[in-house]
Amino acid sequence: MSESPDHLIDDRMIISLRGNKNPVDPKIPYGWLIEKELTRSGKIEETGIIFLTNRECAFHCLMCDLWKNTTDYTIAVGDIPRQIEWALEHMPGVKQLKLYNSGSFFDKRAIPEEDYQKIASLLKSFETVIVESHPRLINEKCLKFRDMLEPELQVSIGLETVNPDILKKLNKQMSIEDFASAVSFLSEQKIASRAFILLRPPWLNEEDGVFWAERSIEFAFKAGVECCTVIPVRAGNGAMDFLMENGEFSPPDIHSLEIVLEYGIGLKKGRVFADTWDLGLFSKCPKCLEMRIARLSDMNLTQEMVPPVNCSCIS
Ligand code: SF4
Ligand SMILES: [Zn+2]
């Protein structure tokens, strides 16, 4: 694929290609779900995810579509605890919780610090709480929140890719060194971290997409994360559709996700998960799609190899 001029990829370009946001209510999370996850201790646990409604992330990454369910303003003190209370009613008995806020939990314009204590008191019965953050927002505030929490705190961080040219063009405003130093800061404080890794960002062919996802998993584990989640890149946020129309981005194939997951699990450095959301986007073969989704889900839950799917779509 041809290279896109660097100057095209900036906040202005990315924002100008967006569609409208969805209507959201700052008193209610914009989503919640319960899924099974293999925990660090080797047990399969029900894991709750609350998708908190809050102010849009200050960064504007090329591939991100999380802005769709955000506000343009900082929501009132008390709204985030209210959203959590609302969602917890729907997930009794769950012991592991992800609080995902379409940005960085430690961004004070997104989650007011005045709410930390109330949030912590709502989460007393959990064993693990996982939040997400941009590496540049990982600092003493994490420790302040951790010290209020009874459950163990874990932090998910987007590494995205260790291909330096592509990482720069993703407009994430971070380097792989920023990622490594955030992980190291957390490790020194005995806070476990997780990495999000992209499969086939723009400007990579299928083979290179797999190559860089595998290198990124290696880097993340070397930096000290205890878990990686591989996310196949999709269109749908405006900027990615623009690149797709211009031949600079193609979504990866589900088979590549299987290859990367096999590789990551085979490293035996920690848990590696494939994001299994909406995998129909990544398959052109209706004959084997369900079998491949089942295989990926089994491998996520067991962290073991599962026999490959045989289908005529892959020779
Ligand atoms: S930092 Fe995360 S939430 Fe913010 S724009 Fe980038 S990918 Fe999206
Ligand atoms: Zn097939």
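In each ligand, atom 1 is the first atom listed, and ligand 1 is the first ligand listed.
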*Kindly say whether Gly78 contributes a backbone atom to a donor-acceptor pair with the side chain of Asp115 at under 3.5 angstrom?*
yes

*So does Glu226 pair up with Lys269, basic N to acidic O under 4.0 Å?*
no

*Numbering the atoms of ligand 1 from 1, which are under 4.0 Å from a heavy atom of Leu66?*
3 (S)

*For the Zn ion (ligand 2), how many protein N, O or S atoms come closer than 2.8 Å?*
4

_Residues Arg82 and Asp79 bridged, charged N to O under 4.0 Å_ = yes

_Which of the numbered atoms in ligand 1 are under 4.0 angstrom from any heavy atom belonging to Gly103?_
3 (S)

*NZ or CZ of Arg271 within 45° of Phe273 ring axis and under 6.0 Å*: no

*Run the salt-bridge test on Glu152 and Arg40 with the 4.0 Å N-O cut-off and return the result as yes or no.*
yes

*Check whether the side chains of Gln96 and Glu37 place a donor and an acceptor atom closer than 3.5 Å, and report yes or no.*
yes

_Donor-acceptor pair, side chain of Ser175 and main chain of Asp178, under 3.5 angstrom_ = yes

*asked:* So if I count the atoms of ligand 1 from 1 in the order they appear, which ones are less than 4.0 Å from some heavy atom of Cys64?
replied: 3 (S), 5 (S), 7 (S), 8 (Fe)

*Between Glu35 and Lys98, is there a salt bridge with N-O shorter than 4.0 Å?*
yes

*Using a strict 4.0 Å cut-off to heavy atoms of Ser102, name the atoms of ligand 1 that fall inside it.*
3 (S)

*Name the closest protein heavy atom to atom 4 (Fe) of ligand 1, giving the residue it belongs to and the distance to 0.1 Å.*
Cys57 SG, 2.3 Å

*Under 4.0 Å, heavy atoms only, figure out whether ligand 1 is touched by the backbone of Ser104, its side chain, both or neither.*
neither

*Confirm or rule out an N/O/S atom of Cys61, from backbone or side chain, lying less than 2.8 Å from atom 6 (Fe) of ligand 1.*
yes

_Close approach, Gly158 and ligand 1, non-hydrogen under 4.0 angstrom_ = no

*Just wondering, more than 12 heavy atoms not from Asn22 lying within 6.0 Å of its CG?*
yes

*Which protein heavy atom lies closest to atom 2 (Fe) of ligand 1, and at what distance to 0.1 Å?*
Lys172 NZ, 3.9 Å

*Using the benzene-type ring in the case of Trp, are the ring centres of Tyr100 and Phe105 under 6.0 Å apart?*
no

